[in-house]
Amino acid sequence: MLTTAITVAFFCIAAALTLNFWRLFAGPTLPDRILALDTMAINTIALLILLGIHQNLTEYFEAALLIAMMGFIGTVALCKYLLRGDIIE
Amino acid sequence: MEALAALIIAVLIGCGTYLTLCARTFSVVLGLSLMSYAVNLFLFFSGRLVTGAPPLATNIGATADPLPQALGLTAIVIGFGMTAFVVILALRALGELGTDQVDGEDEKP
Amino acid sequence: MNHLIMIPLLLPLAAGMTNLLLVRKGIGPQRLVSVLTACGLLAATLLLLVRAETGHIDTYELGNWPAPFGIILVLDRLSALMLVLTAFLTLPVLLHACSGDDKLGRDFHVIFPLQIMGLNGAFLTGDLFNLFVFFEILLIASYCLALHGLGPERTRNALRYVVLNLIGSSLFLIALGTLYGVCGTLNMADLALKVAGSTPDQAPLLRAAGLLLLAVFGLKAAILPLFLWLPGLYAAVLPSVAALFAIMTKVGVYAILRTQSLIFTNHGPVPEAAGLLFPVALATLAAGSLCVLGSRRLRVLLAWLVIVSVGTLLAGIGLWNVAGISASLYYLPHSTLVTAGLFLLADHLVRQRGPAGDVLEPGPTMSRPNLLGSLFLLGAMAIAGLPPLSGFIGKLLLLNAAQAPIAAWLWLVVLGGSLIGIIALGRCGSVLFWKTQGDPLSGPPVSWLRLAPAATLLLTAVALSVMAGPVTTYTDAAAEQLLAPDSYINAVLGRETP
Amino acid sequence: MKRWLPQPMFSLFLLLIWLLLVNSAAPGQIVLGALLAVTIPLFTIRFWPDQPCMRRPLTLIVYLAVFFWDIVVANLTVARLILGPTRNLRPTFIRLPLDLKNDFAITLLAHTISLTPGTVSAQVAEDRRSLLIHVLDLDDEAPLVNRIKQRYEAPLKEIFPC
Amino acid sequence: MNVLLLVLLPLLGAMLPPLTIRFGRDVCTWAGMAVTACTLMLAAVLFIQALEGSPASMHLPWLHGIGLDLSLRMDGLAALFALLVPGIGLLVIIYARYYLSEKDPMGRLHGLLLVFMSSMLGVALSDNLILMLIFWESTSLSSFLLIGFWQHRADARQGARMALIVTGAGGLALLAGFLLLGQMAGTFRISEILAQGDHIRAHSLYVPTLMLILIGAFTKSAQFPFHFWLPKAMAAPTPISAYLHSATMVKAGVFLLARLYPVLSGTDLWFFTVSGVGLTTLLMGAYAAIFQHDLKGLLAYSTISHLGLIVLLFGLDTPLAAVAGVFHIINHATFKASLFMAAGIIDHETGTRDMRRLNGLWKYMPHTAALAMIAAAAMAGVPLLNGFLSKEMFFAETLHVHLLGPAWMLLPAAATLAGIFAVAYSARFIHDVFFNGAPRDLPRFPPHEPPRFMKIPVEILAGACLLVGILPALTVGPLLDLAATSVTGETLPPYSLAIWHGFNTPLLMSLVALGGGFAVYAMRRRLFALHERLPLAPDAAALFNAAEEALIRCARAFLHGLDNGSLQRSAALLLGVAALVMILPLAGPAITGPLPLTPIDGPSLMGALLLMAAGLLTVLWHEHRLSAIMALSVVGLLVALVFVRFSAPDLALTQLSVEVVTIMLLLLALFFIPRRHKPRSRPSGRFRDIVLSTGIGAGCGLLAWGMLTRPLDSISTFFMEQSIPGGGGANVVNVILVDFRGFDTLGEVTVLAVAAVGVFAMLDNLRLPIPAHDQDGRPWAAEPHPLILSQMTRFLLPLALLVSGFLFLRGHNAPGGGFIAGLVTAVALILQYMANGTAWTQRQWRLPFHPLIAVGVLVAAATGAASLLVSHPFLTSTFGHVSLPIVGEFELASAMLFDLGVFLTVVGVIMLILANLGKLTRRKIRPARIR
Amino acid sequence: MLSEALISLFLLIGGAFALIGSIGLARLPDLFTRLHGPTKATTLGVGGILIASVLHFSGQEHALSLHELLITLFLFATAPVSAYLIARSALHLRGPGGPKDES
Ligand code: NA
Ligand code: NA
């Protein structure tokens with residue numbers, strides 16, 4: 001049961017990532033792309049945790065945590081660029 | 001999976017190479033970053049593809065080869081230092097030369 | 001295990017970081033630190049040379065981990081030679097820089113020792129990945145030094161240099177990854193064993209890796225067709241930096257010599273890389289000579305002379321016999337020190353020439369034409385290979401080392417290159433010192449003291465010539481050591497010599 | 001005390017986070033966590049010069065409970081809207097007048113709004129008197145504004161009075 | 001040792017004149033004279049020793065390994081030159097004292113003359129081929145400096161360079177020839193080689209060796225077709241010409257022929273080549289000499305001709321011809337030196353050397369004229385003068401040549417013709433200058449006799465011509481005998497040095513030459529007219545110059561075509577080479593290895609596809625730069641996923657944190673980089689790029705495929721086993737980084753430190769225009785620091801630091817470590833800058849980045865060095881378990897301290913780079929021009 | 001068994017919400033509407049999977065494993081800020097005068 005659930009979840013996340021990528025590609029505006037990227041990072045966290053459950057390993061936790069932090073900072077930087085051009089003023 | 005890995009390497013390095021050959025500093029920097037990602041991946045792959053066994057001494061049984069990971073880590077860090085340098089150098093070149101062209105077309109003969 | 005071997009690495013590292021802490025304290029203390037470091041390095045490397053001279057190969061297991069697992073430093077005759085050469089080059093170049101070049105930025109004395117550390121590390125390490133790391137140290141330091149003083153020309157050329165070397169580093173990693181992926185080890189001695197014992201199935205991968213390494217080191221050594229970065233860069237950077245960079249191409253040569261003599265020997269299972277060296281070297285030599293003749297600027301001309309010397313060096317190595325490698329090892333310090341001296345001298349000349357600068361067109365009369373002219377003559381003779389200076393001895397050794405069928409090619413190219421060198425340097429000297437117009441520029445005349453570093457470097461051509469006997473005895477022994485890598489491998493892997 | 005422990009509540013929070021991070025409550029970890037929880041604010045306090053004064057921790061807990069419940073509800077609502085026919089959506093912007101004065105409180109409100117049903121905060125006005133909110137599917141503006149003000153802004157105002 | 005002194009004396013003495021010139025020209029001359037006189041005396045002493053049958057020699061090992069030693073030997077031939085060279089040198093120095101003007105740097109002249117003298121002596125005395133070559137090239141070089149003495153004159157510079165190039169090229173050929181000779185003989189010792197004549201003549205390398213050596217000799221001795229440099233060398237001051245072209249420089253070539261005569265001569269090839277070239281030169285030079293209008297030009301061509309004569313004599317390959325050759329070397333030296341000096345006096349006194357203007361000087365300078373007439377008569381071969389004797393021996397030898405068979409007459413006939421020409425130009429030298437009407441508009445009029453001492457050298461030389469001419473056996477007999485013996489290497493057949501041998505064919509030939517010569521001179525007007533109309537052979541010097549110019553143009557075109565300053569081209573070359581060396585070895589053999597493949601799962605396939613798509617998207621979007629950065633960011637994220645997928649959490653952590661910093665860097669840079677819609681690179685360029693990228697990609701892909709499908713047996717098992725017991729940590733990757741291969745890490749942080757310092761330097765005073773609006777012309781948003789962001793970062797910073805501490809402390813046993821912790825800290829701090837601005841953030845706390853970096857690296861290095869104190873190798877780690885109440889047991893490792901150094905460095909580096917890059921916009925900057 | 005079911009349930013919920021959020025991102029008509037999906041659904045999706053993870057590892061190691069909650073906390077703290085900034089930039093780009101899109 002768990003295996004099936006994990007597989008289904010994997011496919012959900014994979015599909016989600018593909019959709020995110022499609023949005024990234026299609027845009028049409030830059031904020032759309034940033035949003036797609038941000039969402040992708042969040043879905044990647046899900047994927048990592050899922051992988052951890054699947055392989056029964058806790059070692060991916062730090063990576064997931066870091067994606068959460070770094071994804072956020074990346075988004076901030078991109079938005080700041082759109083808003084002000086200069087991300088560190 | 002091995003074919004997929006090789007394909008990833010081929011595509012990423014090819015893309016990086018193409019960008020590196022562009023005539024503008026920004027593209028070159030993008031290309032170098034891309035190439036650097038791909039090369040680190042390559043270095044990592046030299047330890048082969050192992051699923052679900054991070055190289056921790058507490059893990060029992062065969063784990064992934066830790067050495068390519070350590071090498072890759074060092075390579076990533078060095079690559080970052082180099083990328084940072086080249087980004088600023090590109091800016092400096094823009095400031096000094098007034099252009100971001102690098103194809104030598106505006107060179108004096 | 002003798003800790004002396006760490007001095008060439010730790011001393012400059014500490015000096016660089018100390019100078020970084022001293023950045024706000026002005027240039028005086030930094031100069032003191034740098035000069036003391038350079039003196040210390042010279043002393044330490046000379047001691048190491050004495051150790052290596054006996055033929056014993058010293059190894060140093062970093063972190064107390066045995067080879068092939070830990071990183072190991074190896075001191076053989078070749079590395080000792082390179083260390084001493086570097087130290088010997090460093091001191092005059094540093095002193096020249098202290099007469100003004102170092103004030104054009106705040107960080108000269110931070111970078112300079114680290115550059116030396118990178119060089120020394122590359123010469124000492126016995127581990128291929130560690131070699132990569134030291135390459136990166138010496139490269140990043142060289143980027144900074146190349147840019148020192150800034151300005152459009154420097155920036156433009158440095159950009160090309162940096163980007164090419166970044167690509168080169170990527171290729172280095174590809175080759176490294178492949179080697180590890182096939183052999184499962186990074187220690188060069190261990191790699192040598194693994195390559196020697198490789199299966200035919202592994203050969204294509206090893207072949208590709210070996211050739212790729214050759215290309216990467218060839219880029220640093222500036223062989224044909226990978227040398228385009230060099231002339232513009234060396235002509236654009238500060239004179240003291242250009243002088244220091246005389247050793248940069250030699251690192252490439254060193255790496256080629258080390259890896260090809262140890263790992264990819266020309267009688268091993270993948271002989272391609274070693275075999276390719278000779279024709280490439282001759283082509284480099286020929287193209288470089290032609291470009292020397294075509295140069296319109298003094299410093300560009302000197303830069304192409306660097307490439308000519310690389311071609312000459314690799315031609316000797318490409319012979320793969322004791323005499324050829326020994327000739328190259330004799331030629332190596334000669335070409336390094338003399339080109340460095342010429343770059344420093346060119347600094348004085350260019351200053352004297354005012355608006356004419358280093359463009360080879362008539363300029364004002366020099367303020368001390370005899371002194372400067374004699375030094376230029378000395379350097380030109382040495383680098384063109386005119387007797388009785390070291391350049392001649394080196395070429396003589398090289399020509400004498402070649403065996404029948406390929407000797408004709410070598411002789412033709414080397415002697416033809418020499419002739420072109422004579423033509424070019426004759427023209428150059430004629431324009432600089434003879435075809436002058438008007439009175440010397442006003443300004444303080446060059447003093448002996450300021451000329452001393454350049455003169456010291458150029459006079460080594462005389463010293464090397466006079467000392468040719470003992471020097472070649474050493475280089476012969478070094479070449480023998482390189483061509484019989486078993487002693488190296490045994491020393492590193494701690495095996496008994498059979 | 002203030003000098004060596006400038007943010008006692010926050011330090012406690014950090015200790016909690018530490019224990020979560022290390023996934024253990026061993027005595028050693030508590031000591032280590034406490035050490036970090038005390039030293040980190042000593043350094044970071046300088047970057048938090050305009051700390052809000054916090055009262056009524058109980059209200060905070062109630063607020064958080066409501067908040068988490070609303071998140072779940074919000075997700076169900078939004079899921080329905082997303083999967084449903086998008087033609088029928090009535091997306092619009094509304095402007096929420098703000099009574100809150102404290103910057104941190106405004107931030108928390110904006111957060112809450114973004115995480116709860118069908119609303120995303122899009123811009124705090126420069127005078128900090130109003131908040132622009134994007135609503136995914138709006139029937140009527142007034143009830144929504146009221147709901148936000150009562151459900152979220154009021155407790156926040158109690159928790160952060162100054 | 002005395003032989004060595006003979007060479008060293010003038011060499012070291014060369015420093016005296018430049019040093020003494022400050023005391024006046026006389027002192028300087030005395031210094032030069034003293035050195036030369038000492039040299040001459042020493043030579044005389046050694047000559048007498050040689051005469052007594054104990055020739056001086058010395059042997060010092062130098063580069064003994066290849067047979068280059070300092071071997072000198074004073075045999076007869078050497079003695080001849082050892083006397084001639086300083087002898088004539090002494091006279092030249094006296095002469096030059098009066099010849100040079102006040103402006104000319106006399107110290108330099110005398111110094112160079114002495115250096116030259118030393119080199120010439122070295123050539124003569126060397127008993128080692130390579131050593132001889134060294135001196136040989138030194139003569140080329142010092143003659144270059146001497147010919148270019150009047151550096152302000154274009155013809156002097158050009159003449160000097162031409163001489164250098166021609167003789168230098170000859171020297172290189174000679175080097176090759178000597179090396180071959182040495183290989184054949186197994187030694188470079190000349191005295192040993194000379195004994196191996198038969199062996200060498202029979203050797204297969206004899207022909208190339210001979211040719212190479214002859215090229216060397218002929219270039220030096222100005223033999224056809226290399227003769228053209230000699231007339232151009234006349235741009236030198238006359239004392240120099242007198243010295244170089246009578247006794248020394250050009251004689252080196254014939255000296256070489258004489259020196260190697262026992263080894264190389266005795267074959268048909270030798271005979272035909274040497275005598276053929278000699279004869280051609282003899283005739284050509286003599287003919288050309290007649291038509292020169294420049295006094296020195298005439299002497300130059302006559303020199304060429306006489307050298308041809310000597311070469312021809314050695315080519316005839318008979319012992320007596322060799323004697324005649326040696327004899328003519330002496331004679332030519334004396335009369336030619338005096339003629340040059342006489343020409344110099346005339347030039348000095350009248351201001352011209354043009355024989356069309358110089359007429360009737362007998363009236364003004366009879367003394368000089370008389371001396372010139374003696375010397376010219378010697379040159380013409382008039383009896384009672386030395387030239388007559390050697391020329392007669394020459395005529396006699398031409399009659400004894402058998403190799404030509406039925407055409408034997410040719411040689412004597414040609415010799416006589418050359419004799420006729422010689423008489424004709426000698427007659428011209430005398431008649432056209434000292435008689436032939438009155439001078440025509442001389443620059444200096446009326447001319448006077450020169451100072452007394454300027455004539456003394458000429459007098460001495462003219463006297464020598466007479467003395468030798470009348471009393472040959474008494475004067476040069478012993479010297480000639482000794483020298484000729486050492487040339488032929490065997491006892492000479494009997495010959496007689498007498499003026500009168502009775503009526504014989506040679507005498508007849510001499511008489512024909514004399515009579516014919518005067519006849520030719522008498523018909524000179526018609527001959528000049530005829531010569532004008534002759535289809536002249538192309539001027540060799542002009543051809544040479546044209547060739548040199550063409551070579552230089554070629555070289556410039558090559559250089560320009562090679563390097564246009566383009567980064568693209570260099571990169572394309574590098575990548576092209578890389579693609580070739582990767583694909584060629586992999587193309588042929590079966591690249592797929594034996595390892596079974598691991599199956600592909602759906603999500604992985606999809607991730608891989610996305611990764612590749614993101615890579616392609618980066619390329620596709622590279623001109624929409626922000627989008628490209630985002631695509632790159634996706635690549636980075638997915639690469640991190642690949643790392644996780646294949647069990648490398650540490651790599652993933654590093655990749656993720658580095659990536660975000662990279663993105664920030666790119667964004668910071670992007671702000672300044674102008675956006676233009678420039679036409680793309682040429683289609684051909686784009687095609688090249690695609691081919692190269694495909695090649696490199698395919699190469700790396702194939703390598704990866706080949707590698708992944710082969711088994712790996714690596715050293716890593718050691719690390720897995722030793723990690724806990726030896727390194728004290730469970731995270732093997734981290735233990736490798738801080739312990740097993742901690743040295744790499746130390747290097748890595750050094751790279752970072754240098755990069756940061758370099759970046760800081762590049763940002764110094766960088767002026768970039770600040771875009772006032774975005775790329776679509778929109779003004780930037782008004783609010784610099786959104787409230788929600790800045791509030792949230794206050795809360796996030798301590799949290800991030802806590803995470804950073806967690807990653808740092810856990811690193812040794814679980815994914816993490818100093819590097820990642822440092823990045824997290826730095827990024828959290830940078831978030832403060834982004835959210836609140838640099839000004840605000842630095843007001844709160846100004847972190848000293850430079851010292852932070854230095855301290856970081858020093859901490860790491862010092863941790864490593866600490867082990868030296870207990871005499872363990874650098875970076876030897878130690879760890880132990882400490883037990884405290886409540887806390888329990890925990891581990892302390894020196895590696896943690898090392899990691900702390902890494903942490904500090906990383907924080908310092910990232911902050912230094914990003915914060916300073918951010919500060920760029922806070923400066924007052926003039927807008928710069930952007931193309 | 002029960003815990004496995006619970007874990008599976010949370011996994012499915014999480015996966016579903018993550019997918020729904022992304023569907024919203026792909027499907028909704030403009031940026032502001034698209035913003036709603038990721039900020040909520042995806043966050044909750046991750047939350048679901050994180051809870052599954054908590055349950056899974058707590059069951060595995062017979063000790064409470066809560067550190068996944070930290071990620072949720074972090075996401076809750078940051079996702080609104082991201083959304084806010086994205087909306088801000090979209091508003092800015094849409095602002096009076098300027099053209100709408102980049103491409
Ligand atoms: Na250790
Ligand atoms: Na800024």
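Side-chain atoms are counted along with the backbone in the values below, which use heavy atoms only and exclude waters and symmetry mates. Each chain gets a letter, A, B and so on, in the order the sequences are listed, and its residues count up from 1.
If you measure heavy-atom distances from E/Val577 to chain C, the contacts under 4.5 Å come from the side chain alone. Using a 4.5 Å cut-off between heavy atoms, C/Leu164 contacts chain E through both its backbone and its side chain. The contact between E/Phe144 and chain C is made by backbone and side chain atoms together, counting heavy-atom distances below 4.5 Å. For a residue to count as touching a neighbouring chain, one of its non-hydrogen atoms must lie under 4.5 Å from one of that chain's; by this rule E/Glu548 touches chain C with the side chain only. In this structure, the portion of C/Leu10 lying under 4.5 Å from any heavy atom of chain E is its side chain and not its backbone. C/Ile111 touches chain E through its side chain: at least one heavy atom from C-beta onward sits under 4.5 Å away, while N, CA, C and O do not. Looking at C/Ile71, the atoms closer than 4.5 Å to chain E (heavy atoms on both sides) sit in the backbone and in the side chain alike. With a 4.5 angstrom heavy-atom cutoff, E/Leu131 does not touch chain C via any of its atoms. For chain E, no part of C/Ala175 is nearby; none of its heavy atoms comes within less than 4.5 Å. In this structure, chain E has a heavy atom under 4.5 Å from the side chain of C/Asp190, while its backbone stays farther away. Contacts of E/Ala862 with chain C are absent, with no heavy-atom separation under 4.5 Å from either backbone or side chain. In this structure, chain E has a heavy atom under 4.5 Å from the side chain of C/Thr472, while its backbone stays farther away. Neither the backbone nor the side chain of E/Ser867 comes within less than 4.5 Å of any heavy atom in chain C. Proximity to chain C is absent for every atom of E/Phe178, based on heavy atoms less than 4.5 angstrom apart. Looking at C/Leu145, neither its backbone nor its side chain comes within 4.5 Å of chain E, counting heavy atoms on both sides. For a residue to count as touching a neighbouring chain, one of its non-hydrogen atoms must lie under 4.5 Å from one of that chain's; by this rule E/Leu145 touches chain C with backbone and side chain alike. Interface residue C/Ile140: backbone and side-chain heavy atoms are both found under 4.5 Å from chain E. When heavy atoms are compared at a cutoff of 4.5 Å, E/Leu551 approaches chain C by way of both its backbone and its side chain. Looking at E/Pro594, only its side chain comes within 4.5 Å of chain C, counting heavy atoms on both sides. Contact annotation for C/Val466: only backbone heavy atoms (N, CA, C, O) come within less than 4.5 Å of a heavy atom of chain E. With a threshold of 4.5 angstrom between heavy atoms, E/Ile715 approaches chain C through its backbone and through its side chain. Using a 4.5 Å cut-off between heavy atoms, E/Ala160 touches chain C through its side chain atoms alone.
With sequence neighbours excluded, no residue forms a side chain to side chain donor-acceptor pair (under 3.5 Å) with E/Ser138.
The main-chain N or O of E/Leu868 is never found under 3.5 Å from a side-chain atom of E/Ser871 such that the two would form a donor-acceptor pair.
Between chain E and the residues C/Ile393, C/Leu9, C/Leu419, the largest count of heavy-atom pairs under 4.5 Å involves C/Leu419. The residue among C/Asn19, C/Thr18, C/Leu186 with the most heavy atom pairs within less than 4.5 Å of chain E is C/Leu186. Residue with the most contacts toward chain C among E/Arg741, E/Arg161, E/Glu748: E/Arg741 (heavy-atom pairs, distance under 4.5 Å). If you tally non-hydrogen atom pairs under 4.5 Å between each of E/Glu137, E/Met582, E/Arg710, E/Arg108 and chain C, the highest count goes to E/Arg710. Of the listed residues E/Ala578, E/Pro18, E/Gly758, E/Gly168, the one with more heavy-atom pairs under 4.5 angstrom with chain C than any other is E/Ala578. Of the listed residues C/Gly70, C/Pro68, C/Gly181, the one with more heavy-atom pairs under 4.5 angstrom with chain E than any other is C/Gly181. Note on C/Leu396, C/Thr155, C/Asp476, C/Val471: by heavy-atom pairs under 4.5 Å with chain E, the leading option is C/Leu396. The residue among C/Phe433, C/Phe392, C/Trp229 with the most heavy atom pairs within less than 4.5 Å of chain E is C/Phe392. Comparing E/Ile853, E/Leu68, E/Leu180 by heavy-atom pairs within less than 4.5 Å of chain C, the highest count is held by E/Leu180. Ranking C/Leu377, C/Ile422, C/Thr436, C/Leu212 against chain E, the residue ahead of the rest is C/Leu212, based on heavy-atom pairs under 4.5 Å. Note: E/Val751 leads E/Leu752, E/Ile130, E/Val751 in heavy-atom pairs under 4.5 Å with chain C. Residue with the most contacts toward chain C among E/Asp744, E/Leu575, E/Leu573, E/Val759: E/Asp744 (heavy-atom pairs, distance under 4.5 Å).
Residue pairs that meet the salt bridge (Lys or Arg N to Asp or Glu O under 4.0 Å) test with at least one member in residues 566-594 of chain E, sequence neighbours left out, do not exist here.
More than 12 heavy atoms of other shown residues, nucleotides or ligands fall within 6.0 angstrom of atom NE2 in E/His152. Within 6.0 Å of the CG atom in E/Asp713, the count of heavy atoms belonging to other residues, nucleotides or ligands does not exceed 12.
One distance of note links OG1 of C/Thr475 with OH of C/Tyr330; it measures 9.0 Å at 0.5 Å rounding. For the atom pair CG (E/Leu746) and CD1 (C/Ile137), the distance works out to 7.5 Å, reported to the nearest 0.5 Å.
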message = With ring-ring contact (aromatic ring centres under 6.0 Å, His included) as the criterion, how do E/Phe743 and C/Phe134 come out once you've worked through the C-alpha distance, each side chain's angles and the decisive distance to 0.1 Å?
response = CA-CA 10 Å; E/Phe743 201 51; C/Phe134 277 107; 5.5 Å; yes

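Not less than 6.0 angstrom separates the ring centroid of C/Trp65 from the ring centroid of E/Phe874. Between C/Tyr143 and C/Tyr161, the ring center distance clears the sub-6.0 Å criterion. Close placement of the C/Phe132 and C/Phe129 rings is indicated, their centers lying within 6.0 Å of each other.
Between E/Phe849 and E/Phe760, the closest side-chain pair of non-hydrogen atoms is not below 4.5 Å. Side-chain contact check for E/Leu559 versus C/Leu290: every heavy-atom pair is 4.5 Å or farther apart. Within the 4.5 Å cutoff, no side-chain heavy atoms of C/Leu205 are placed close to those of C/Leu179.
A donor-acceptor contact under 3.5 angstrom links the side chains of C/Ser418 and C/Lys395, judged on distance only. Residues C/Asn130 and C/Thr125 bring a donor and an acceptor atom of their side chains to less than 3.5 Å of each other. A donor atom on one side chain and an acceptor atom on the other are found under 3.5 Å apart for C/Tyr180 and E/Ser714.
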